[in-house]
Amino acid sequence: MEETLAKSYEPKSVEEKWYKYWIDRGYFVSHSNSDKPPFSMVIPPPNVTGSLHMGHALNNTIQDILARYKRMDGFNVLWVPGTDHAGIATQNVVEKMIAKEGLNRHHLGRKAFIERVWKWKEESGNTIINQLKRLGCTCDWTHERFTMDEGLSRAVKTVFLTLFKEKLIERDNRLINWCPRCETALSDLEVDYEEKNGSLYYIKYFFAQDPSNFIVVATTRPETMLGDTAVAVNPEDKRYKDMIGNELILPLVNRKIPIIADNMVDKDFGTGAVKITPAHDFADEQTGKRHNLAFISVIDRKGKICDPSPQKYIGLDRFEARKLIVEDLKEQGFLHKIESYKHSVGHCYRCKSIIEPLLTLQWFVRIKPLAEKAVEAVRSGKIKIIPEQWENNYFKWMENIQDWCISRQIWWGHQIPVFYCPDCDGDKIFITMRENQKDTSRLTGTYYDFKKEGLSFEKIIEDIDYYLILSGAKPIPEGENCPRCNNSNLIQDPDVLDTWFSSALWPFSTLGWPEKTKDLELFYPTSVLVTGFDILFFWVARMIMMGLKFMGDVPFRDVYIHALVRDASGQKMSKSKGNVIDPLIIMDKYGTDAFRFTLTALAAQGRDIKLSEDRIEGYRHFVNKIWNASRFVLMNIKDYVPQAEHMDEKNLSLFEIWILKKLNQTILEVRESYESYNFNNAASAIYKFLWNDYCDWYIEISKLRIEDDAVKYILWHCLITALKLLHPIMPFVTEEIYSKLPQTTESIVISSFPVADEKFISKNIDEVDHFIDIVRSIRSIKSEMNIQPALKPKTSLFIEEPSKLYIKDFGKYVEVLARCELAFSDKKLEKVKGAAYAYVSGVDIWVNLEGMINVSDEINRITKEIKKTEKDVEFLSKRLSNEDYLRNAPEAVVEDDKIRLENFREKLKKLNDNLNFLKEL
RNA sequence: GGGUGGUUAGCUCAGCGGGAGAGCGUCGGCCUUACAAGCCGAGGGUCAUAGGUUCAAAUCCUAUACCACCCACCA
C-alpha cells in the first residue's frame, strides 16, 4: 500500500466524504439482536425551529464522544436523535410568517393553521438535524423521532389518561402566570425574572367609619388596586393592632374592604400595610385563600383592564391604566408619595413580555407524589448527577416543587385528550377511556361523582356544563356520540399540553412505549443523559419523575451536566447582544475537528466555557500538526508492511520502549477521562502525547533509524493508536489518516478502542529522560550564547558515574538533536577555556564555542544557574532537616528528596568550580 | 433573603495535600528535506485577602472582598 497525504488538510471535502461513507455503511445503527452490552443515550431534542448554536454544539460533541468511544469499545450503541415540537416557539415562528401575508392564526382557523405549521415543519424542520450531521454526530438516524409523531402522541395520551385516572392530573381555577402577548398560561419555570427599576407608590386608604383617617399602603402595581379585596397588616404590629377588622374605602372604586391580620406581612417593609389583590398576585392569592377573600379579576387575557372596574379604565392596557390611575389618585388626594424602587419582574421566556398573574381554568399535574420518588432515586445513587454539586440544586427544587400547570392556550402541540359534551348538564363528570389501540367499541365508561368523592376540582365542575370524556390512547373517532345523551357534537378541550410534557416522556416514548418493544427492553434505562444545567428542572427532573412512574425505573443512570458556552468576555451569547459565534461559520473556517477539539478541551466540569476564535485557531494548528506527522510517517514507512513481531522487545531500543510507555500511559488516562466525563483531560493528554512526545522527540529520533523495521512499526503503531484515542473528539481527520495507513480495517469508527498494556507502563526508562535533559541543556547553551543553530560546536561529555554510561549509545542522537559535534572524554576535564559548562546528573557537558564565547556572558549564565540551584538546595535541605517531616512524610517522598538534594548539591559544586575558573580568566 | 460556582502567567483556563502548568500572546534565534498553521530557546505568577488545620496548603477549614449564576409569595 502506498498512499501519500496532500500537502495540507482540507476539512470540507473530507468531512462530507466520510460522513456519507459512515451512513452508507450503517455504522450508527443500533442492533436489537446483539451480544454486545448496550449503551444508550437520548439526545436532548433541539427545537424543531432551531438552528445549531454553541450550546447544541457542545452538548452534541460530548454525546458523540461518548457514542464513538463506546462503539469502539465494543458496545451496542444507540443514540436516539430527534426534535421537539416546541409549542410556543414554533407557533410564534409560523405566526410571524403568515403575518407577512397580513394574516393571523385566527384568520386561518385552527385546522388550517396547524396544517400550515406541519407544512413548515416538513420544509424547514430538518435544518438542525442536518447541522448535527455536519457536526459529525453518530446518532442512529433510523431511530429519529419527533415529539409530535404518532408514537409519541400515543405515549402522551396514555400518560395523561393514567395520571388523570390516578387523580394526579386535575383541572382547577387558579392563579397562573399569563403572557398577555402569547395569550397563554405558562408554568412557573417559563417565567424569567429580571431586576427592573420601578416605583413604589404609597396610597392612602381611608377608613369607612372615620373618613378623616387613613392607612398608607405601598405597591409597585397601583393598577391592581382595582381588584383589592383587603389590606393586610402583621398581627404583632402595634401601629395597626387596633384597626384589624375595620373597613377601608378602596379609592377610585369606592368598595369597602377589610383590614386583616396575616403573618406574611413584614412590619418593616414600606408602611407595614399591604393591599391584597388575590386575583393578580401570587402572595395575595395565598392570603386571599387563608382569609376567604373575594377574587376579583380586573385584568383580562390581553392585559387590559376589564369589568368590574370603573368604566373609565376598562379597555385600557395595564400600563396605560397605571399612569391614569396614579394621576387620578394624585388628583383626588389619595397619593401619599412615590419612591423609586428596584424589584424583579417576571417575563415570558419566549417573548419577553411582562407576565400577568391571572385567575384561569387550567390543567395541573399534582407533582409532589411523583417528586418524592424522584428525589429518592438521586439520593440513593440510582441516578448519579455529575458534577455532584448539581444534586443540591435538584433536591432544593424538588423538595419545594409546586403543581405543574400543563395547559397552554395555543394551537401547536398535543391537544388535551379530553372531550366535553355541551348538551349534558353537569354535576357529574363522565369519563371514558380507551386504553388500547384495538378497542373500537362504543364509548362506555364510568361516572365519577366528584362531589361525592370530594375531589379538589369539584368546584370547577359546576362551571362546566359538559360531561368530560377522556379519550384514550386512540382518538375518539369521528361521529362518536356522547354516551349519556347521545349528542354527536363532542368538543375537545381546546388547550394543548406544555411542550415539556412530551419531552418528559422522551427516554421511553422514543423507544416505543407504550408498546413493549425490544428497544425498551434492551436500552432502557439509558446509560447517560448529557445536558446543560438550564434545563435541569424543565426537563431532567420531569423525565426522572415520569420514567419512575411509567417504566418503574430511572430513565438514565448518569446525568452529565455540562457548562454554558459564553463569548470571549464571559457574556451569555445572544442575538440581541450581537456576540453570537455561529458554529457553522466556525466549522467552515477552521474545520469541524478543530472546533470539536476546542469545545472538548475547554469543557472542564463545572465551569462555563469562554469561547474565543483564537483558541479555535490554536487547535486548528494541532490538526495540522497531526496531519503533517502522518505525512511523515507515510512518506517514511513507504511500502513497509507492519508485522506484529517487529514489536518484539528484542527489536526495540530504549526509545521505542520510552514512547510505548508514554503511549500506554496516555491510553490509560484517556480511558479514565472518557469514563469519568473529564473530556478536557482526555483532550490534553492526547495533545501532549502527540505533540510533545511523539512529534517533538520520537519522530525526530526516528529519523536516524528510519530503516529499522521496529522503528517503522512503532511509528505506525503509535500513530494509529493515538488516532483511535482521538477519534471520538476529532472524527474526520482521524478517519482520513487512518484510511491511508497500511493494515487498517475498513473504518476507524468500528475499529477497537486501545487498551493499555501494563507491561510498558511499569517500565523504568530514565535513560531517555536523562538523554533529553542533556540535549536540552546543550540547546539552551547554544541559544543563550547566541550560537547560530546551524553551527555545530565541539561538545565534550564526561560521564562521571559509571551507571550513566548508556549515554554513550545516545551520542549520535545528541549530535543531531542538539546540533553539535560530540566527543566523549575519558577523563574529567577540569577547566576548558572558551567553553560553556553544564552539568546534568552525573554528566559534565562542555560546549566549545571556539573563541566566540564572551566570558562575562558565560559568567552571567552560570551565575543564574547557580542561583536557581542554590534555591533548590536550600529548599530541600531545609525540608530534610525538619524532624517532623522525616517522621510524618511518606518514605518514598523523603527518599526522593534525598536523591534530588544530592543531585542538586553535586550540580552546585560543579557550577561553582566552573564559575571560579571563569573568574580567573 | 437563601443557595451554588469562580478569583492561578498579559489573555483564556487546567491543576485541588508533597518543590507552580498548558494554549494564545511577548522577547531572542532559526526556511534543520512532516509541518513557518513549524522548530529551538527565554521571560513572565508572594495561586484574591486574612486567619486556621498539617511535618507539608494554590490544593482542606473559617471568615472577608469582588465577579458570575440559580432559587424565593422583595407589597
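Order of the sequence lines sets the chain letters (A, B, ...), proteins ahead of strands, with each chain counted from 1.
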Task: Candidate list A:Tyr590, A:Trp627, A:Phe732, test ring pair (Phe, Tyr, Trp, His ring centres under 6.0 Å), partner A:Tyr9, passing option - done: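 In the set A:Tyr590, A:Trp627, A:Phe732, the residue that makes a ring pair (Phe, Tyr, Trp, His ring centres under 6.0 Å) with A:Tyr9 is A:Trp627.
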Gap in Å between the two [atom1] atoms, one belonging to [N] and one to [M], rounded:
| N | M | atom1 | value |
| --- | --- | --- | --- |
| B:A14 | B:A9 | C1' | 13 Å |
| B:A65 | B:A58 | P | 24 Å |
| B:C69 | B:U26 | P | 32 Å |
| B:G45 | B:G21 | C1' | 11 Å |
| B:U7 | B:U12 | P | 12 Å |
| B:U33 | B:C40 | P | 14 Å |
| B:C66 | B:U49 | P | 16 Å |
| B:C60 | B:C55 | C1' | 16 Å |

Indicate every side-chain donor-acceptor pair of residues 338-345 of chain A with a distance under 3.5 Å to a residue at least two apart or in another chain.
| residue | atom | partner | partner atom | Å |
| --- | --- | --- | --- | --- |
| A:Glu339 | OE1 | A:Tyr202 | OH | 3.0 |
| A:Glu339 | OE2 | A:Lys337 | NZ | 3.1 |

Task: Interface residues of residues 275-285 of chain A with RNA chain B (non-hydrogen, below 4.0 angstrom) - done: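 RNA chain B contact set from residues 275-285 of chain A: A:Ala283.
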Task: Closest-nucleotide ordering on RNA chain B, the 5'-leading residue of A:Tyr193 and A:Lys7 - done: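 Taking each residue's closest nucleotide, the earlier one in sequence belongs to A:Lys7.
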- [ ] Nearest-nucleotide wise, let me know which of A:Pro789 and A:Arg615 is further upstream toward the 5' end of RNA chain B.
- [x]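 It is A:Arg615 whose nearest nucleotide is closer to the 5' end.
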TODO: Can you check whether any acceptor in the base of B:C74 is under 3.5 Å from a donor in the side chain of A:Ser344, or vice versa?
DONE: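 Side chain to base: pair found, below 3.5 Å.
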Open item on the list: For B:A72, does the base pair up with any side-chain atom of A:Gln402 as donor and acceptor (N or O, under 3.5 Å, distance only)?
Closed with: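 Not at all, since no donor on one side and acceptor on the other fall under 3.5 Å apart.
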Scan [X] against the nucleic acid and name what it touches under 4.0 Å (heavy atoms): base, sugar-phosphate only, or nothing.
| X | answer |
| --- | --- |
| A:Ser684 | nothing |
| A:Glu784 | sugar-phosphate |
| A:Phe904 | base |

Are there any protein N/O atoms within less than 3.5 Å of an N/O atom in nucleotides 1-10 of chain B, and if so, which ones and at what distance?
| residue | atom | partner | partner atom | Å |
| --- | --- | --- | --- | --- |
| B:G6 | O3' | A:Arg607 | NH1 | 3.1 |
| B:U7 | OP1 | A:Arg607 | NH1 | 3.2 |

Counting heavy atoms from C-beta on, name the nucleotide in [options] closest to the side chain of [X].
| X | options | answer |
| --- | --- | --- |
| A:Trp691 | B:G38, B:C71, B:G23 | B:G38 |
| A:Ile699 | B:A34, B:C35, B:C24 | B:A34 |
| A:Lys625 | B:G28, B:A34, B:C71 | B:A34 |
| A:Tyr687 | B:G23, B:G28, B:A34 | B:G23 |

Task: Residue-phosphate contact under 4.0 Å: A:Ser780 side-chain N/O, B:C40 OP1/OP2 - done: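 Looking at the OP1 and OP2 atoms of B:C40, neither is under 4.0 Å from any side-chain N or O of A:Ser780.
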TODO: Using a cut-off of strictly less than 4.0 Å, decide whether A:His621 has a side-chain nitrogen or oxygen near OP1 or OP2 of B:G38.
DONE: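 Answer yes for this pair, as a side-chain N or O of A:His621 is under 4.0 Å from OP1 or OP2.
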TODO: Can you run down the salt bridge (Lys or Arg N to Asp or Glu O under 4.0 Å) pairs that involve residues 265-282 of chain A, sequence neighbours left out, and say none if there aren't any?
DONE: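 Every salt bridge (Lys or Arg N to Asp or Glu O under 4.0 Å) pair that includes a residue of residues 265-282 of chain A, provided the two are not neighbours, is A:Asp228-A:Lys275.
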Task: Residue pairs, two or more places apart or on separate chains, that pass salt bridge (Lys or Arg N to Asp or Glu O under 4.0 Å) and touch residues 691-703 of chain A - done: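 Those involving residues 691-703 of chain A are A:Glu700-A:Lys703.
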Task: Partner set under side chain to side chain donor-acceptor pair (under 3.5 Å) for A:Asp188, not counting sequence neighbours - done: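 Here the qualifying residues are A:Asn177.
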Could you tell me the separation between the [atom1] atom of [X] and the [atom2] atom of [N], rounded to a whole number of Å?
| X | N | atom1 | atom2 | result |
| --- | --- | --- | --- | --- |
| A:Arg174 | B:C73 | CZ | C1' | 16 Å |
| A:Glu669 | B:G15 | CD | C1' | 12 Å |
| A:Glu700 | B:C35 | CD | C1' | 10 Å |

Task: Dot-bracket encoding of pairs in RNA chain B, which uses [ ] for pseudoknotted crossings and | for another strand, Watson-Crick or G-U under 3.5 angstrom - done: ((((((((.[[[[.)..(..]]]].(((((.......))))).....[[[[[..)....]]]]])))))))....
Open item on the list: Tell me every residue that passes salt bridge (charged side-chain N to carboxylate O under 4.0 Å, His left out) with A:Asp237, counting only those two or more places apart in sequence or in another chain.
Closed with: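 If we apply the salt bridge (charged side-chain N to carboxylate O under 4.0 Å, His left out) test to A:Asp237, skipping adjacent residues, the hits are A:Arg239.
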Task: Any residue meeting salt bridge (charged side-chain N to carboxylate O under 4.0 Å, His left out) with A:Lys12, in chain and number order, not counting sequence neighbours - done: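 Salt bridge (charged side-chain N to carboxylate O under 4.0 Å, His left out) check on A:Lys12 returns A:Asp588.
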TODO: Evaluate the ring planes of A:Phe622 and A:Tyr687, with Trp represented by its six-membered ring, and classify them as parallel (under 30°), tilted (30 to 60°) or perpendicular (over 60°).
DONE: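 A:Phe622 vs A:Tyr687 ring planes: tilted.
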Please list each protein N or O that sits under 3.5 Å from an N or O in nucleotides 55-61 of chain B, with the distance.
| residue | atom | partner | partner atom | Å |
| --- | --- | --- | --- | --- |
| B:C55 | O2' | A:Asn882 | ND2 | 3.0 |

Task: Pairing residues for A:Trp697 by the ring-ring contact (aromatic ring centres under 6.0 Å, His included) criterion, not counting sequence neighbours - done: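 For A:Trp697, no residue satisfies ring-ring contact (aromatic ring centres under 6.0 Å, His included) once neighbours in sequence are set aside.
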- [ ] Please identify each residue that fulfils ring-ring contact (aromatic ring centres under 6.0 Å, His included) with A:Phe771, with sequence neighbours left out.
- [x]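 Only A:Phe655, A:Phe810 meet the ring-ring contact (aromatic ring centres under 6.0 Å, His included) criterion with A:Phe771.
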